[in-house]
Amino acid sequence: MLFLNLSNHPVSQWSADQLEAARQYGEVRDLPFPQINPDATEDGINSLVEQYLSVIRQVGSPQEVVVHLMGELTFCFALVERLKAEGYTCLASTTERIVSQIDSQTKQATFRFVKFRKY
């Protein structure tokens, strides 16, 4: 089994807890998230979805690959819909947001991985 990380956060930057949770699904591999222009049209997004769907199919079947997908919302939504329709398991990572008030105008947010959740 393969855990395919399609996000802007490569596994080399993950916490030990997140990496351990991902490994429960199998070998962990990155698939770099595309740069998506905020002016992209729906047709442009759909074309990108088709490209990534093709890449994921080449990596493996729904029985062989679990896809962790986090990033630009319209792309993720469209790709998750297509992947799920083909039987792929799609996961999102959940985090706890910890906010510290630095001064009257500055906040610092830290995110702590909690778990993976199915779309």
Side-chain angles (χ1 to χ4, degrees):
M1 192 67 141
L2 176 70
F3 179 100
L4 190 61
N5 173 42
L6 178 51
S7 76
N8 287 309
H9 304 281
V11 297
S12 62
Q13 298 175 359
W14 286 6
S15 69
D17 288 345
Q18 187 169 7
L19 195 50
E20 180 181 338
R23 285 186 176 137
Q24 293 177 22
Y25 294 94
E27 175 192 348
V28 180
R29 187 183 309 165
D30 285 320
L31 176 59
F33 199 86
Q35 292 291 324
I36 298 176
N37 186 326
D39 290 324
T41 63
E42 287 181 31
D43 287 342
I45 295 295
N46 289 332
S47 176
L48 198 55
V49 164
E50 288 300 321
Q51 290 173 33
Y52 273 75
L53 188 57
S54 177
V55 168
I56 292 166
R57 286 179 185 138
Q58 290 174 17
V59 169
S61 71
Q63 295 74 33
E64 301 168 317
V65 178
V66 171
V67 182
H68 171 247
L69 185 55
M70 299 290 292
E72 197 278 337
L73 295 176
T74 59
F75 171 79
C76 288
F77 180 79
L79 185 54
V80 165
E81 279 191 322
R82 295 293 306 275
L83 288 168
K84 287 184 68 171
E86 293 191 17
Y88 286 90
T89 298
C90 298
L91 302 174
S93 48
T94 67
T95 59
E96 176 184 9
R97 184 174 186 250
I98 304 162
V99 179
S100 302
Q101 189 74 38
I102 305 300
D103 58 38
S104 63
Q105 296 180 355
T106 308
K107 289 182 182 180
Q108 179 181 359
T110 304
F111 297 90
R112 185 185 66 77
F113 171 77
V114 175
K115 68 177 186 175
F116 292 109
R117 181 168 38 223
K118 287 183 182 179
Y119 278 95

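Computation of the quantities below employed the complete heavy-atom set of this structure, encompassing side-chain atoms and omitting hydrogens, waters and symmetry-equivalent molecules.
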Review point. Can you find a pair of side-chain heavy atoms, one from F33 and one from E72, that are under 4.5 Å apart?
Key: yes
**Study point:** Approximate separation, where rounding is to 0.5 Å, of L19 CG and F113 CZ
**Key:** 10.0 Å
Review point. Taking V80 as the fixed residue, which of V67, L69, L91, V49 is the one that meets the side chain to side chain contact (heavy atoms under 4.5 Å, CB included) rule?
Key: L69
**Study point:** R112 CZ to I98 CD1 distance, which is reported to the nearest 0.5 Å
**Key:** 6.0 Å
Review point. Under a single-linkage definition using a 4.5 Å side-chain heavy-atom cutoff for Ile, Leu, Val, Met, Phe, Trp and Tyr, are V28 and M1 assigned to the same hydrophobic cluster?
Key: yes
Revision key, fill the gap. When every non-hydrogen atom of L6 is compared with those of P32, the smallest separation belongs to CD1-O, 3.6 Å
Practice item. For atom CD of Q35, decide whether the heavy atoms of other residues, nucleotides or ligands shown that lie under 6.0 angstrom number more than 12. Key: no
Check your understanding: Rounded to the nearest 0.5 Å, how far does OG of S93 lie from NZ of K115?
Key -> 12.0 Å
Practice item. Please work out which of the three classes, parallel, tilted or perpendicular, describes the rings of F116 and W14, given edges at 30° and 60°. Key: tilted
Practice item. Write down the atom of I36, the atom of F75, and the distance for their closest heavy-atom approach. Key: CD1-CB, 3.4 Å
**Study point:** ILVMFWY network linking Y25 to L2, side-chain heavy atoms under 4.5 angstrom
**Key:** no
**Study point:** Rounded distance [0.5 Å steps], CG in D30 versus NE2 in H9
**Key:** 11.5 Å
Review point. How close do E86 and P62 get, heavy atom to heavy atom, and via which atoms?
Key: O-CG, 3.1 Å
Check your understanding: To the nearest 0.5 Å, what is the distance between CG (L53) and CG (L48)?
Key -> 11.5 Å
**Study point:** Heavy-atom side-chain proximity of K118 to T89 below 4.5 angstrom
**Key:** yes
Review point. Heavy-atom count around Q13 CD within 6.0 Å, excluding the residue itself: above 12?
Key: yes
**Study point:** Step-by-step side chain to side chain donor-acceptor pair (under 3.5 Å) determination, N5 to S7
**Key:** CA-CA 6 Å; N5 173 42; S7 76; 2.9 Å; yes
Review point. Do E64 and S61 meet the criterion of a side-chain donor-acceptor pair at a distance under 3.5 Å?
Key: yes
Review point. Quick check: are there more than 12 heavy atoms from other residues, nucleotides or ligands sitting under 6.0 Å from CD1 of I102?
Key: yes
Check your understanding: Between M70 and Y119, what is the shortest heavy-atom contact and its length?
Key -> SD-OH, 3.9 Å
Check your understanding: How far apart are the closest heavy atoms of C76 and G71, and which atoms are they?
Key -> SG-N, 3.3 Å
Check your understanding: So, do I56 and L79 sit near enough that their side-chain heavy atoms are less than 4.5 Å apart?
Key -> yes
Review point. Side-chain heavy atoms under 4.5 angstrom apart, residues restricted to Ile, Leu, Val, Met, Phe, Trp, Tyr: same cluster for V114 and F3?
Key: no
Study note, to complete from the structure: One should read off an interatomic distance between L83 CG and E81 CD, to the nearest 0.5 angstrom, of 10.5 Å
Check your understanding: Do other residues, nucleotides or ligands put more than 12 heavy atoms under 6.0 Å from F111 CZ?
Key -> yes
